[in-house]
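Report on the structure given below.
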Amino acid sequence: MKTIPQISLQEAVAMVKDGDTLLQGGFGMTGNPVHLMHALAETKTKNLTFIGNNVGEAGIGGGRLLRNGQLKKMIGSFFTSNPEAVKAAQDGVVEYELLPQGTLAEAIRAGGAGIGGFFTPTSAGTELAKGRETKILNDVEQVFIPGIRGNVAFIRAWKADTAGNLQYRMTEQNFNRAMATAADLVIAEVEEIVPVGEISPESIHTPGSYVDFLVKATLTLDDLGSSATVSSSKKVSETRLNMAKRALKELKKGDVVNLGIGIPTLVADLISGDEGIILHTENGMLGVGPAPVDGGGAMDYPVNAGKVPVTALNGSSYFDSADSFAMIRGKHVDVAIMGGLQVDEAANLANWAVPGQPLLGVGGAMDLASGAKKLIITMMHNEKNGDAKVVPLCDLPLTALKAVDIVITDKAVFEFIDGKLILTEVMPGATLEEVRENTTAKFIERLS
């Protein structure tokens with residue numbers, strides 16, 4: 001068995017050259033090769049193209065390279081988690097390209113597998129499809145995405161053996177596994193290096209044939225940013241809680257369910273173990289449990305898509321981001337519950353961007369909206385200025401076409417039945433007259 005060289009952080013970052021394309025693993029700061037990124041920030045290397053789900057947090061991980069002016073371009077899925085990345089894009093300081101999270105993961109996997117590209121239904125008909133080749137395949141409009149490769153990949157694993165075989169911890173597989181296959185030079189930052197044989201073959205996630213160098217670096221709470229601990233929960237209004245309770249009624253035992261940020265997250269707190277509902281999070285976990293009660297963070301627990309530490313229920317499983325989105329696109333997620341900005345009469349959804357602002361944070365929304373078997377949207381019935389959100393035609397950037405099945409607002413429940421928008425229920429505290437006055441979309445009343 002070959003031995004992979006073990007080098008210092010300084011030796012590792014010296015291999016990155018001006019103008020390189022750098023792949024950085026991690027989801028937020030979980031599974032993030034933060035020590036390698038910070039060591040690179042101490043060099044004068046510049047004009048880098050950065051590829052990752054997001055550019056770390058402000059001043060942490062890739063965020064430190066951004067702050068130093070070392071990035072020429074950033075390619076990712078959710079830049080809005082770093083306000084400095086948003087400002088850099090708005091000011092034109094850094095070029096950027098936004099891809100849906102699942103598309104980004106699959107493009108990296110394709111690049112690592114020697115595949116030139118692929119067609120996906122995700123983002124069809126949206127702003128992110130503009131300028132890309134599209135085709136109708138199996139009666140579905142699909143968008144062509146080229147495979148992605150880099151010059152260097154910095155990844156983070158929990159354990160390596162001396163042959164370079166890697167084992168990831170909990171939700172730390174995320175983008176790391178695919179990125180380990182998709183660069184000319186792969187450097188793995190690891191917590192522990194053990195002799196060959198100490199990691200059982202079935203526990204190896206990345207074979208050593210992909211890895212060129214190992215760097216040992218110890219993780220601390222300071223390296224985890226906002227995921228270091230569980231923050232105290234905020235008080236939830238009765239209105240929002242009623243919407244979450246109504247959404248829960250749509251779920252049945254055995255459903256695999258993905259919950260978006262905001263009101264959908266409240267559904268998780270209402271699910272008991274007796275209901276048999278299996279929660280999925282797109283960064284690589286099936287069987288998500290409630291937040292830990294001991295205040296522990298990502299050092300001790302997996303994290304969900306909101307980068308919040310959670311517990312793992314009996315029977316839970318972990319996987320990487322590419323597999324997670326294959327699960328979504330392959331219709332293996334029964335229900336997605338998401339927030340919304342607008343839903344229109346044609347069941348189109350807009351929920352990720354507003355006109356006049358940079359398109360900087362799509363995350364997994366497009367993949368989930370088009371991939372889940374059933375899509376439930378929870379949102380307030382009106383904007384703060386009173387504008388309707390259930391409208392004749394969405395005028396905000398679209399997330400997915402003809403995808404919505406149910407809309408739950410603080411005033412009403414609508415269902416799309418045979419292509420028609422049907423009002424099926426008035427929510428507690430609201431009246432039918434209020435629903436009529438505050439909905440600009442045409443709908444059929446079919447109240448029980």
Side-chain angles (χ1 to χ4, degrees), residues 1-9 11-12 15 23-37 39 52 105 108-109 112-113 150 152-221 223-224 227 281 283-287 296-303 309-324 326-327:
M1 190 68 68
K2 70 173 183 177
T3 299
I4 298 296
Q6 299 175 34
I7 59 176
S8 68
L9 288 167
E11 289 172 319
M15 299 180 188
L23 302 176
Q24 180 227 269
F27 183 83
M29 299 309 299
T30 302
N32 191 302
V34 62
H35 301 91
L36 282 168
M37 299 303 290
I108 294 167
R109 179 157 69 175
V152 182
F154 284 172
I155 63 172
R156 169 88 192 179
W158 193 248
K159 185 181 291 187
D161 66 19
T162 53
N165 297 308
L166 304 181
Q167 182 180 30
Y168 305 100
R169 185 186 63 148
M170 299 184 292
T171 48
E172 293 177 359
Q173 294 185 47
N174 51 63
F175 280 84
N176 283 302
R177 267 182 54 196
M179 286 183 174
T181 72
D184 301 327
L185 180 70
V186 176
I187 303 174
E189 172 187 313
V190 299
E191 188 77 11
E192 182 181 5
I193 301 174
V194 299
V196 169
E198 284 202 16
I199 306 176
S200 62
E202 62 269 24
S203 298
I204 291 170
H205 299 118
T206 294
S209 57
Y210 291 111
V211 179
D212 296 294
F213 295 97
L214 297 174
V215 174
K216 189 174 183 297
T218 301
L219 199 66
T220 69
L221 284 176
D223 300 324
L224 296 173
S227 295
T281 181
N283 57 305
M285 182 179 179
L286 199 60
M299 190 74 79
D300 308 298
Y301 294 98
V303 302
V310 294
T311 54
L313 301 180
N314 290 335
S316 296
S317 58
Y318 300 116
F319 33 89
D320 76 337
S321 294
D323 281 347
S324 184
M327 195 178 293

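The minimum heavy-atom distance linking A298 with M170 is given by the pair O-CE, 4.4 Å. The nearest pair of heavy atoms linking A160 to I199 is C-CD1, 3.9 Å. Taking every heavy atom of both residues into account, I187 and A12 meet most closely at CD1-O, 3.7 Å. Shown here for S316 and A312, the closest heavy-atom pair between the two residues is OG-C, 3.6 Å. Taking each heavy atom of A178 and A105 in turn, the nearest pair found is CB-O, 4.4 Å. Heavy-atom minimum distance, L221 versus M299: N-CE, 3.7 Å.
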Let me check something: any side-chain donor-acceptor pairs from residues 23-33 under 3.5 Å, sequence neighbours excluded? List them with distances.
| residue | atom | partner | partner atom | Å |
| --- | --- | --- | --- | --- |
| Q24 | OE1 | G62 | N | 3.4 |
| N32 | OD1 | V34 | N | 3.4 |
| N32 | ND2 | G28 | O | 3.1 |

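Side-chain N or O atoms of R109 include none that pairs as donor or acceptor with a backbone N or O of R177 at under 3.5 Å. Of the possible polar contacts, none joining the T171 side chain to the P302 backbone as a donor-acceptor pair under 3.5 Å is found. Under a 3.5 Å cut-off, the side chain of N165 and the backbone N or O of G208 do form a donor-acceptor pair.
Considering only heavy atoms from C-beta on, V310 comes within 4.5 Å of M285 through its side chain. Contact annotation: the side chain of L219 approaches that of L224 to within less than 4.5 Å [non-hydrogen atoms, C-beta and beyond]. Using a 4.5 Å heavy-atom cutoff, the side chains of F213 and M15 are in contact. In this structure the side chain of L9 reaches within 4.5 angstrom of the side chain of L36, judged on heavy atoms. Contact annotation: the side chain of T206 never approaches that of N176 to less than 4.5 Å [non-hydrogen atoms, C-beta and beyond].
Atom CD1 in I4 sits 10.5 Å away from atom CD1 in I193 (nearest 0.5 Å). In this structure, the separation between CD on Q173 and OH on Y318 is 10.0 Å, given to the nearest 0.5 Å. Remark: F319 CZ to N283 CG distance equals 9.0 Å, nearest 0.5 Å. With rounding to the nearest 0.5 angstrom, the CG atom of D300 is 7.5 Å from the CZ atom of R169.
Around atom OH of Y210, no more than 12 heavy atoms belonging to other residues, nucleotides or ligands sit under 6.0 Å away.
Sorted by first and then second residue, the salt bridge (charged side-chain N to carboxylate O under 4.0 Å, His left out) pairs involving residues 195-218 (not counting sequence neighbours) form an empty list.
Partners of A157 according to the side chain to side chain contact (heavy atoms under 4.5 Å, CB included) rule, which considers only residues two or more places apart in sequence or in another chain, are L166, Y168, V190. Residues satisfying the ring pair (Phe, Tyr, Trp, His ring centres under 6.0 Å) criterion with H35, sequence neighbours excluded, are absent altogether. Under the side chain to side chain contact (heavy atoms under 4.5 Å, CB included) criterion, T311 pairs with P290, P292, Y301, not counting sequence neighbours. Residues meeting the side-chain hydrogen bond (donor to acceptor under 3.5 Å, both in side chains) test with T220, sequence neighbours left out: D223.
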For this session: Decide yes or no on side-chain contact (heavy atoms from CB on, under 4.5 Å) for I204 and Q167, but give the supporting numbers first.
Result: CA-CA 5 Å; I204 291 170; Q167 182 180 30; over 6 Å; no
